[in-house]
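What you see is a predicted model; the values in this text were computed from it and never measured.
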Amino acid sequence: MKNYDAIFIGAGQSGPFLAARMAGKGMKVALIERKYLGGTCVNAGCMPTKTLVASARAAHVARRGADYGVKITGGIDVDMKIVRKRAETVITDARNGLIGWFDGLETADVVYGQAQFTGPKTVSVNGETLTAPQVFLNVGARPVIPDFPGLKDIDYLTSTSIIYLDTLPRHLAVIGGSYIGLEFAQMYRRFGAKVTIVERGPKLASREDEDISDAIEDILRAEGIAVHTNADGIAFAKRGDGVDVSTGAGRPAIGASHVLIATGRRPNTDDLGLDAAGVVTDKRGYITVDDRLMTNVEGIFALGDCNGRGAFTHTSYNDFEIAAANLLDGGDRRVSSRIPAYALYIDPPLGRAGITEKEARFSGKKIMISTRPMSRVGRANERGETQGFMKIIADAETKQILGAAILGIEGDEAIHGIIDAMNAGTTYPALQWSVPIHPTISELIPTVLGDLKTV
């Protein structure tokens with residue numbers, strides 16, 4: 001049996017940073033990873049997908065060259081092998097950086113293999129037993145594969161496998177109209193494929209307010225992407241070298257060459273032997289944690305996607321910050337203090353902070369709302385990218401900003417002015433009188449705040 005001060009299972013965006021902090025204090029730590037360091041972000045998420053998004057945008061801007069007075073002779077071709085190579089290079093460079101980092105930590109052992117609990121503080125991996133008073137689970141999540149009729153009979157792609165596709169689909173059917181599916185849909189349309197989105201619900205990006213969902217759909221349709229919502233009878237059947245995708249009774253089948261399943265993600269908790277440790281999960285498999293990220297078992301913590309308290313790299317990293325502050329720095333940081341914020345990386349992107357209008361109305365608060373179309377933003381007009389709008393929601397009584405959405409050029413960056421104000425507890429009248437830089441997207445935030453009206 002090998003004894004450690006702490007064991008980390010999974011090497012996503014929480015565990016390695018906390019392990020490194022502990023190793024830096026001379027503590028002996030073991031980092032167990034079944035495959036690659038870096039977790040979803042590095043290997044199948046943010047880094048490779050945003051690399052692909054950048055390639056797709058380059059093709060899109062090139063095709064629009066004439067709109068800016070730039071003449072390009074001939075058509076725009078996309079070499080998918082080079083596109084794939086760019087994404088692979090980003091992945092490899094990030095992995096190697098992490099490997100080099102941990103190689104330099106004297107009291108940290110990196111163990112590759114499948115870890116399973118054999119008791120509350122004991123873990124088996126590669127035939128060896130490891131033990132520690134503290135265990136941290138950072139095992140992430142993987143794509144959900146629904147039990148659609150005929151799906152097992154066809155070859156299909158997931159958000160992981162599509163990254164390595166080096167040929168252009170003739171017709172990509174994207175099953176799922178949420179964030180991952182929408183990004184890949186626009187991406188492959190810009191690469192040159194015909195694309196159809198199939199969504200079981202009535203709206204794309206159903207977590208958003210209806211006006212945001214409708215605007216997202218308009219953006220995608222304007223680029224030639226077909227959208228089928230209310231698809232209550234999704235099924236698949238092989239036909240020649242392609243696939244027929246059924247979306248419901250009375251609707252014609254969609255003839256696709258490739259199918260991407262993007263119907264959500266599930267936590268990687270089903271093969272850890274959690275029962276042996278006594279760790280409790282909810283009905284979806286997420287590990288139940290308290291406000292300081294500890295499970296029901298003293299000394300066992302769950303960080304990142306597997307705890308159901310956030311599904312993003314930045315929330316996973318914040319889990320590390322919370323755990324490090326509380327365990328190493330004498331702090332008292334809590335998950336409940338975190339203001340929700342994220343982005344959808346279609347182009348133009350959606351930046352989101354706080355709660356939606358729907359959530360604000362449901363809360364019973366007296367609210368104020370203001371919107372402004374991106375067509376009235378100078379930077380958007382100068383860049384010739386005027387799709388989308390800004391929206392801010394505030395509490396009429398406390399003057400606190402409750403939430404915001406910026407769907408438009410640079411919306412993923414501009415939203416940080418709102419995020420920072422919300423974290424600082426700044427009231428909207430104070431932010432309204434800031435003096436922003438011109439010409440930017442953010443400069444319109446004070447103007448939007450000045451138009452807040454009670455609804």
Side-chain angles (χ1 to χ4, degrees), residues 49-50 52-70 76 174 177-197 199 203-229 341-353 356-357 369-393 403-418 436 438-445 447-448 451:
T49 59
K50 277 46 181 182
L52 296 174
V53 166
S55 292
R57 177 168 169 79
H60 177 68
V61 172
R63 292 190 185 101
R64 289 194 61 200
D67 295 346
Y68 301 92
V70 178
I76 303 299
V174 178
S178 194
Y179 307 99
I180 293 173
L182 299 182
E183 290 178 12
F184 278 108
Q186 186 187 55
M187 184 193 306
Y188 271 84
R189 178 60 185 150
R190 290 180 169 188
F191 287 151
K194 182 178 180 180
V195 176
T196 299
I197 299 171
E199 165 57 38
K203 296 284 184 180
L204 301 182
S206 59
R207 180 188 297 178
E208 310 300 333
D209 288 323
E210 286 194 10
D211 52 359
I212 296 289
S213 296
D214 291 343
I216 289 170
E217 183 171 336
D218 289 344
I219 288 167
L220 298 177
R221 285 188 182 276
E223 294 194 21
I225 297 171
V227 178
H228 294 261
T229 53
Y342 56 88
L344 164 64
Y345 288 99
I346 60 167
D347 182 25
L350 167 67
R352 279 271 292 107
T356 63
E357 176 186 345
I369 297 177
S370 178
T371 62
R372 174 161 291 231
M374 297 301 289
S375 59
R376 293 179 61 191
V377 178
R379 167 64 68 86
N381 281 286
E382 293 151 9
R383 293 279 290 271
E385 300 181 43
T386 57
Q387 295 170 303
F389 62 96
M390 296 181 172
K391 180 178 184 178
I392 299 177
I393 305 151
I406 303 179
L407 174 61
I409 178 176
E410 298 170 6
D412 56 325
E413 289 288 349
I415 196 66
H416 283 86
I418 300 294
H438 172 78
T440 61
I441 301 300
S442 297
E443 73 173 316
L444 265 291
I445 289 175
T447 304
V448 179
D451 290 338

Nearest heavy-atom pair of [X] and [Y]: which atoms, and what distance?
| X | Y | value |
| --- | --- | --- |
| P349 | G411 | CG-N, 3.9 Å |
| T386 | A380 | CG2-O, 3.7 Å |
| A404 | I418 | CB-CG2, 3.7 Å |
| L444 | R376 | CD1-O, 4.3 Å |
| V195 | Y188 | CG2-C, 4.0 Å |
| R221 | V227 | NH2-O, 3.0 Å |

Does [X] reach the side chain of [Y], with side-chain heavy atoms less than 4.5 Å apart?
| X | Y | answer |
| --- | --- | --- |
| H60 | Q186 | no |
| L407 | L344 | no |
| E410 | R383 | yes |
| V377 | I409 | no |
| F389 | D211 | yes |

Inset, instruction - State which residues pass side chain to side chain contact (heavy atoms under 4.5 Å, CB included) with E382; sequence neighbours excluded, sorted by chain then number. - result: R379, P439
Spacing of [atom1] belonging to [X] relative to [atom2] belonging to [Y], to within rounding of 0.5 Å:
| X | Y | atom1 | atom2 | answer |
| --- | --- | --- | --- | --- |
| I445 | I406 | CD1 | CD1 | 4.5 Å |
| L350 | D412 | CG | CG | 9.5 Å |
| D218 | S213 | CG | OG | 11.0 Å |
| R64 | E385 | CZ | CD | 6.0 Å |
| D347 | I219 | CG | CD1 | 8.5 Å |

Without swapping roles, check the side chain of [X] against the backbone of [Y] for a donor-acceptor pair under 3.5 Å.
| X | Y | answer |
| --- | --- | --- |
| T371 | K391 | no |
| D209 | E357 | yes |
| N381 | S375 | yes |
| E443 | T440 | yes |

Legend entry - Pair E208, Y179: side-chain N/O donor-acceptor within cut-off below 3.5 Å: yes
Inset, instruction - Kindly determine whether M374 and M390 satisfy side chain to side chain contact (heavy atoms under 4.5 Å, CB included), including the steps that lead there. - result: CA-CA 7 Å; M374 297 301 289; M390 296 181 172; 3.9 Å; yes
Legend entry - From K50, R190, R189, residue fulfilling salt bridge (Lys or Arg N to Asp or Glu O under 4.0 Å) relative to E183: K50
Inset, instruction - Could you check I225 against V174 for side chain to side chain contact (heavy atoms under 4.5 Å, CB included), going step by step and ending with a plain yes or no? - result: CA-CA 10 Å; I225 297 171; V174 178; over 6 Å; no
Legend entry - Verdict with reasoning, K203 to T229, per side chain to side chain contact (heavy atoms under 4.5 Å, CB included): CA-CA 6 Å; K203 296 284 184 180; T229 53; over 6 Å; no
Inset, instruction - Might you work through the side chain to side chain contact (heavy atoms under 4.5 Å, CB included) test for E217 and E199, ending with a clear yes or no? - result: CA-CA 12 Å; E217 183 171 336; E199 165 57 38; over 6 Å; no
Inset, instruction - Count the heavy atoms of every other residue, nucleotide or ligand shown that sit under 6.0 Å from CD of E210, and state whether that count exceeds 12. - result: no
